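Read the structure below first, then the notes.
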Amino acid sequence: MSVTAQQVKELRDATGVGMMDCKKALAETNGDMEAAVDWLRTRGLAKAAKKAGRVAAEGLVGITVEGTKAAIVEVNSETDFVARNEQFQSIVGNIAKLAIEANGDVHVLSEMPYPGSGRSVSGELTDAIAKIGENMNLRRSAVIEVSDGVIGNYVHNAVKPGMGKLGVIVGLESKGDKAVLAALGKQLAMHITNTSPLSVSPDDIDQEIVARERAIFAEQARESGKPAEIIDKMVEGRVRKYYEEVTLLAQTFVIDGESKVADVVKAAEKEAGAPIKVTKFVRYGLGEGIAKEETDFAAEVAATAGVK
């Protein structure tokens with residue numbers, strides 16, 4: 001019998017198992033939902049669902065660069081113990097390579113064939129959950145591409161090349177000397193790792209964020225009791241200062257502690273022999289924004305292993 005998308009969704013919701021495995025289970029059991037659950041359980045897949053509700057805030061950030069295109073992914077696990085596991089590291093590395101083709105769409109990436117397994121990426125993670133015993137998930141992915149230039153990248157405290165807990169990719173569009181661009185790209189990526197800017201310049205910062213900050217500055221200025229025209233100037237001054245703090249090109253370059261990043265780029269243009277445009281950057285810090293449970297999973301794993 002043919003398996004419907006609704007049946008696959010129901011089984012996936014009930015078990016937490018990947019879409020391709022759910023579809024196969026339903027096909028093997030002629031669409032019988034209970035039998036499909038048992039089919040998954042007998043293969044060690046459904047038990048992965050028991051882990052699905054647990055918070056996965058550890059793991060690794062992986063980066064792959066291919067020519068003028070780069071991808072960055074975050075794959076989470078529950079503990080740092082698993083992040084040091086070679087099988088997990090291999091999975092993250094392979095997912096990062098596949099992410100180039102997915103163009104930053106994490107849903108497309110999760111359903112892409114995982115190399116050498118006959119499973120999708122999500123299916124491979126489900127299989128790893130069953131074997132390793134921890135919840136894991138592909139959380140996010142992004143891609144940067146330039147038509148001519150380089151993609152700078154940097155991973156802080158890398159456990160392997162292109163893999164660690166904090167990573168950055170940054171695009172430099174330029175017809176200039178590629179060696180100069182590569183050196184600048186790495187320096188800019190290191191800078192972004194340290195300062196966490198919100199955007200490249202004031203032109204591409206989220207205006208809702210700016211409006212919220214402006215409202216706060218205005219309220220603070222009104223408390224001074226100064227005339228309205230003075231308050232307006234105070235607010236504009238604080239907004240300019242805010243831009244200097246949160247936009248990449250206006251920040252002070254951490255490597256020399258003196259120059260503005262925009263001036264560093266200008267100086268590199270002379271050496272590269274062509275204009276340089278910083279197009280975009282992506283910075284992933286492992287576990288950012290994930291609410292962590294009180295449970296100490298690292299301690300739990302150590303206790304299971306008999307380690308105090």
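All values derive from a computational prediction rather than experimental measurement. Computed over heavy atoms, backbone and side chain alike; hydrogens, waters and symmetry mates excluded.
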Original post:
Could you walk me through whether Lys280 and Asp204 pass the salt bridge (charged side-chain N to carboxylate O under 4.0 Å, His left out) check?
Top reply: CA-CA 10 Å; Lys280 183 180 179 181; Asp204 54 3; over 6 Å; no
Taking [Y]'s backbone N and O only, do any of them form a donor-acceptor pair with [X]'s side chain (distance below 3.5 Å, no angle check)?
X: Glu124; Y: Arg119; answer: no
X: Thr68; Y: Val146; answer: yes
X: Thr247; Y: Leu249; answer: no
X: Glu134; Y: Glu78; answer: yes
X: Thr193; Y: Ala189; answer: yes
X: His191; Y: Val254; answer: yes
X: Asn153; Y: Val168; answer: no
X: Thr252; Y: Glu258; answer: no
X: Gln251; Y: Glu244; answer: no
X: Glu74; Y: Gly287; answer: yes

Identify whether [X] and [Y] are in the same connected component of the hydrophobic contact network (ILVMFWY, side-chain heavy atoms under 4.5 Å).
X: Val121; Y: Ile132; answer: yes
X: Met163; Y: Met136; answer: yes
X: Ile255; Y: Val261; answer: yes

Side chain proximity check, [X] to [Y], heavy atoms < 4.5 angstrom:
X: Glu173; Y: Ile276; value: no
X: Ser174; Y: Lys277; value: no
X: Ile205; Y: Tyr243; value: yes
X: Gln187; Y: Phe253; value: yes
X: Glu58; Y: Lys165; value: yes
X: Asp148; Y: Lys178; value: yes
X: Lys69; Y: Ile100; value: yes

Are there over 12 heavy-atom neighbours, none belonging to [X], within less than 6.0 Å of that residue's [atom1]?
X: Glu34; atom1: CD; answer: no
X: Glu271; atom1: CD; answer: no
X: Lys160; atom1: NZ; answer: yes

Original post:
Run the side chain to side chain contact (heavy atoms under 4.5 Å, CB included) check on Val170 and Ile144 step by step: do they pass?
Top reply: CA-CA 7 Å; Val170 55; Ile144 293 179; 5.6 Å; no
**OP:** Check Trp39 against Thr29 and note the closest heavy-atom contact, atom names and distance.
**Re:** CB-CG2, 4.1 Å
Original post:
Which pair of heavy atoms, one from Leu198 and one from Tyr242, lies closest together, and at what distance?
Top reply: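 Closest heavy-atom pair between Leu198 and Tyr242: CD1-OH, 3.5 Å.
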**OP:** Give the C-alpha distance, both sets of side-chain angles, the deciding distance and a yes or no for salt bridge (charged side-chain N to carboxylate O under 4.0 Å, His left out) between Lys226 and Asp232.
**Re:** CA-CA 10 Å; Lys226 297 183 184 297; Asp232 289 343; over 6 Å; no
Subject >> Salt bridge present between Arg214 and Glu236 (N-O < 4.0 angstrom) >> reply: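 Yes, charged N to carboxylate O under 4.0 Å.
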Subject >> Lys/Arg N to Asp/Glu carboxylate O, Arg283 vs Glu288, below 4.0 Å >> reply: yes
**OP:** List the steps, then state whether side chain to side chain contact (heavy atoms under 4.5 Å, CB included) holds for Val246 with Ile209.
**Re:** CA-CA 11 Å; Val246 303; Ile209 295 175; over 6 Å; no
**OP:** Determine the sole option in Val3, Asp21, Leu40 for which the side chain to side chain contact (heavy atoms under 4.5 Å, CB included) test with Leu26 is passed.
**Re:**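 The single option meeting the side chain to side chain contact (heavy atoms under 4.5 Å, CB included) with Leu26 is Val3.
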